[in-house]
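Worksheet for the structure shown next.
All ligand and atom numbering here is 1-based and tracks the order in the structure.
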Amino acid sequence: MTGFQFHNEHPEAADFYREIINGFSRRPRCIPPKFFYDETGSSLFEAICEQPEYYPTRTEIALLRDHAWDIARLAGNDSFLIEPGSGNCRKVRLLLPAMKPAAYVPMDISCRHLREAARDVAREFPELDVHAVCADITRPVSLPFISHGARRIVFYPGSSIGNFEPADAEFFLARLAQLAGPGGALLIGVDLKKDPALLTAAYNDAEGVTAAFNLNLLERVNRELDGDFDTGAFDHHAFYNNARGRIEMHLVSMRRQTVSIDGQRFEFNKGENIHTENSYKYTRDDFHALARRAGFEPRHVWTDEEELFSLHFLSVETSG
Ligand code: AVI
């Protein structure tokens with residue numbers, strides 16, 4: 001039977017207020033990057049992906065397009081193709097004709113977007129079973145509609161693994177290994193270490209879209225938590241931290257100022273920063289070591305000619 005089914009695991013809404021107050025009690029102050037993605041932030045992120053300086057999206061899309069049949073050979077047909085954090089389900093469309101999975105299982109925390117995006121995939125591929133699962137992908141989830149023994153291929157594109165701290169990345173990859181299960185595999189996009197000038201440019205596009213994406217965090221606090229940030233008094237600052245192998249994004253207070261959030265006041269010194277994101281970059285070997293620690297065995301890596309971005313096929317290691 002083909003068709004579309006929606007499974008709601010009722011993910012708990014993250015507590016924006018509590019996490020902002022916690023993050024502001026630390027030094028440097030921070031806001032967890034998961035809060036970038038409200039409706040405005042998600043559209044700004046899609047616009048970032050179209051910027052000429054932001055090479056990861058177009059490079060990964062070209063890799064998927066050029067190697068879809070090689071990927072399908074490794075993955076086999078008739079598997080369950082599971083995509084945690086599926087967003088607009090754009091990239092999976094490049095894999096479906098070659099992979100011919102038994103079913104596609106997009107998973108996302110945003111129920112409304114998931115339902116729309118997954119329904120579009122079901123319309124476009126009428127032969128395909130689509131089981132959309134609204135869930136928090138960082139928590140364990142059961143997928144009872146997947147028959148016992150069916151091969152599971154997990155697809156995690158976009159280098160979102162880079163937004164986890166390395167220890168958390170290992171923990172999350174181990175969760176993906178659990179999700180894929182014995183005999184399963186992971187196809188994952190990972191951004192590579194490269195000339196810091198290229199990296200810095202990717203997070204400082206000339207149009208100012210990344211700056212708007214970063215500043216939207218403060219606008220979101222104003223909208224949702226009765227904040228009074230003067231967003232014109234904060235600057236977007238993104239740079240490559242070579243020692244830690246990561247892009248860091250910050251919002252820097254351009255003057256001494258007091259901000260109130262739901263009646264609570266916070267002082268900012270001139271030059272004081274709010275740390276909003278890390279985006280770790282890996283060498284191929286660094287990532288293989290991380291994946292092995294999480295229970296995967298590397299099978300194949302595809303990269304573009306300039307070695308900007310990598311796509312890894314990893315199988316779940318069967319112990320014993
Ligand atoms: C979602 N993630 C992989 C993006 C990145 O490159 O780390 C988020 C982003 N932040 C600024 N630009 C893009």
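- Residues N241 and N278 bring no donor and acceptor atom of their side chains to less than 3.5 Å of each other.
- Under the 3.5 Å distance criterion, with hydrogens and angles disregarded, no donor-acceptor pair is assigned to the side chains of D304 and T59.
- Applying the side chain to side chain donor-acceptor pair (under 3.5 Å) test to D120 and every residue at least two apart in sequence or in another chain returns R123.
- Side chain to side chain, E53 and N204 fail the donor-acceptor criterion of an N or O pair below 3.5 Å.
- Under the side chain to side chain donor-acceptor pair (under 3.5 Å) criterion, E170 pairs with R293, sequence neighbours left out.
- Residue pairs that meet the disulfide bond (SG atoms under 2.5 Å apart) test with at least one member in residues 102-133, sequence neighbours left out, are C111-C134.
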Contact table ligand 1 N or O to protein N or O, d under 3.5 Å:
from     : atom 1 : to   : atom 2 : distance (Å)
ligand 1 : 2 (N)  : N163 : OD1    : 2.9
ligand 1 : 6 (O)  : Y54  : OH     : 2.5
ligand 1 : 6 (O)  : Y203 : OH     : 2.6
ligand 1 : 7 (O)  : N163 : ND2    : 3.0
ligand 1 : 7 (O)  : S279 : OG     : 2.7
ligand 1 : 10 (N) : E277 : OE1    : 2.7

